[in-house]
Amino acid sequence: MPLRIDILTLFPAMVQAVLSESIPRIAAEKGAVEYHLANFRDFAEGVHQSVDDRPYGGGAGMVLMCRPIYMALRDVTARDQRSPHLVLLTPAGRRFNQDVARELAAKERLLFLCGRYEGFDERIRQGFAWDEISIGDYVLSGGELAALSVVDAVVRLLPGVLNKEASAEIESFALGRHGRLLEYPQYTRPVEFEGMRVPDVLLSGHHGEIEKWRVAQAVQRTRERRPDLLPPGGAERPKEGKD
Ligand code: 6GU
């Protein structure tokens with residue numbers, strides 16, 4: 001059965017635009033995932049269908065109200081028998097990374113709630129067992145771009161979405177025996193461009209040598225740019241000789 005992803009947002013068109021392109025679209029076309037969007041403004045009351053209000057105690061900005069979100073969650077949850085893993089996008093959440101993407105990719109149903117404005121009424125947090133997730137230490141105008149980042153990272157891990165080669169690449173390089181490494185440099189035609197040449201080893205046809213070079217480049221690049229990704233003490237140097 002496809003992974004079911006429900007996304008609650010005030011901006012469904014913004015979310016749909018991203019899900020309709022590239023890998024997120026292919027994942028749905030291949031039957032690995034189903035997307036269901038809901039606008040929680042549809043669950044708000046009154047002629048204005050307000051979803052936000054001024055904070056008790058004063059202060060700048062508006063706060064998302066409990067009722068429309070509770071109503072939307074109750075309604076959307078009941079649209080499928082599986083109970084969803086609830087993801088709340090918030091800068092106060094745990095930091096998203098590839099391990100979290102793998103965790104989420106193993107669920108059978110995910111529900112994302114995208115906030116806007118300055119925050120949520122705290123009772124939205126209290127009422128549900130949220131997995132609160134942040135995508136980094138910066139402030140976005142809303143949870144949509146964060147949810148879409150998470151969805152993209154998750155659906156490309158689902159079985160059958162990427163070809164075998166690309167999946168193997170994620171396995172061996174993103175999380176493999178050398179730890180998490182940044183990508184090695186890639187080249188395509190022409191062999192020479194503006195005086196810059198493709199490294200000879202890549203033209204040599206020696207697959208063992210090419211693999212050794214790539215691992216060494218990835219380790220070096222990671223050491224220089226993201227030493228925090230390497231295991232304590234640093235990555236072991238790629239072995240000389242056969243591999
Ligand atoms: Cl999940 N939401 C918002 N609004 N800003 C963020 C974020 C989430 N993660 C990083 N910045």
Side-chain angles (χ1 to χ4, degrees), residues 3-24 27 33 35-44 50-70 72-73 76-77 84-107 109-158 174 180 182 225-226 228-229:
L3 169 65
R4 177 181 173 116
I5 297 182
D6 294 277
I7 304 179
L8 270 59
T9 169
L10 292 173
F11 299 92
M14 175 180 176
V15 173
Q16 188 59 55
V18 172
L19 301 181
S20 302
E21 303 280 359
S22 188
I23 298 293
V33 64
Y35 307 115
H36 297 269
L37 275 47
N39 188 337
F40 53 83
R41 190 179 298 283
D42 296 341
F43 298 87
S50 303
V51 292
D52 60 328
D53 206 343
R54 294 154 65 206
Y56 280 120
M62 300 288 273
V63 173
L64 286 174
M65 301 160 68
C66 319
R67 187 176 285 107
I69 289 175
Y70 267 68
L73 280 168
V76 169
T77 299
H85 181 75
L86 298 174
V87 178
L88 182 66
L89 286 314
T90 164
R94 62 176 175 144
R95 178 76 65 83
F96 186 64
N97 63 22
Q98 194 66 23
D99 293 335
V100 178
R102 286 173 180 285
E103 253 180 63
L104 299 184
K107 307 291 184 189
R109 185 177 178 197
L110 300 171
L111 187 155
F112 294 88
L113 175 59
C114 307
R116 280 265 151 180
Y117 311 104
E118 317 303 318
F120 313 88
D121 188 307
E122 187 62 20
R123 292 164 292 187
I124 294 165
R125 280 204 168 81
Q126 289 170 356
F128 304 89
W130 294 108
D131 183 359
E132 298 190 26
I133 292 179
S134 164
I135 63 165
D137 292 337
Y138 42 84
V139 179
L140 297 170
S141 309
E144 284 78 10
L145 291 172
L148 288 165
S149 299
V150 172
V151 168
D152 184 281
V154 166
V155 301
R156 64 203 306 290
L157 295 176
L158 298 175
R180 298 169 299 166
L182 300 181
R225 302 186 186 194
R226 293 293 308 277
D228 58 297
L229 293 180

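For ligands, and for the atoms within them, numbers begin at 1 and follow the listed sequence.
- In this structure a side-chain-to-backbone donor-acceptor pair under 3.5 Å is missing from Asp121 to Ile124.
- Between the Arg125 side chain and the Trp130 main chain, no donor and acceptor come within less than 3.5 Å of each other.
- Of all protein heavy atoms, the one lying nearest to atom 11 (N) of ligand 1 is Tyr138 O, 2.5 Å.
- Between atom 10 (C) of ligand 1 and the options Gly115, Pro91, Gly136, Ser149, the minimum heavy-atom separation is to Gly136.
- Of the protein's non-hydrogen atoms, Leu140 N, 3.1 Å is the one closest to atom 5 (N) of ligand 1.
- Listed by number with element, the atoms of ligand 1 under 4.0 angstrom from any heavy atom of Ala146 are 1 (Cl), 8 (C).
- Here the shortest heavy-atom pairing between Ala44 and Ser50 reads CB-O, 3.3 Å.
- Protein heavy atom in closest approach to atom 9 (N) of ligand 1: Ile135 N, 3.1 Å.
- Of the heavy atoms in Thr90, only backbone atoms (N, CA, C, O) come closer than 4.0 Å to ligand 1.
- Residues Tyr70 and Phe43 place their aromatic rings such that the two centres sit no closer than 6.0 Å.
- At least one heavy atom of Ile133 sits less than 4.0 Å from an atom of ligand 1.
- Under a cut-off of 6.0 angstrom, the local environment of CZ in Arg54 is sparse, with at most 12 non-hydrogen atoms contributed by other residues, nucleotides or ligands.
- Looking at Glu132 and Thr90, their side chains never bring a donor and an acceptor atom within 3.5 Å of each other.
- With a 4.0 Å heavy-atom cut-off, ligand 1 is reached by the backbone of Ser134 and by its side chain too.
- Remark: ligand 1 and Leu89 share no N or O pair separated by less than 3.5 Å (distance only, no angle test).
- In Arg67, the CZ atom is not crowded: 12 or fewer heavy atoms of neighbouring residues, nucleotides or ligands sit closer than 6.0 Å.
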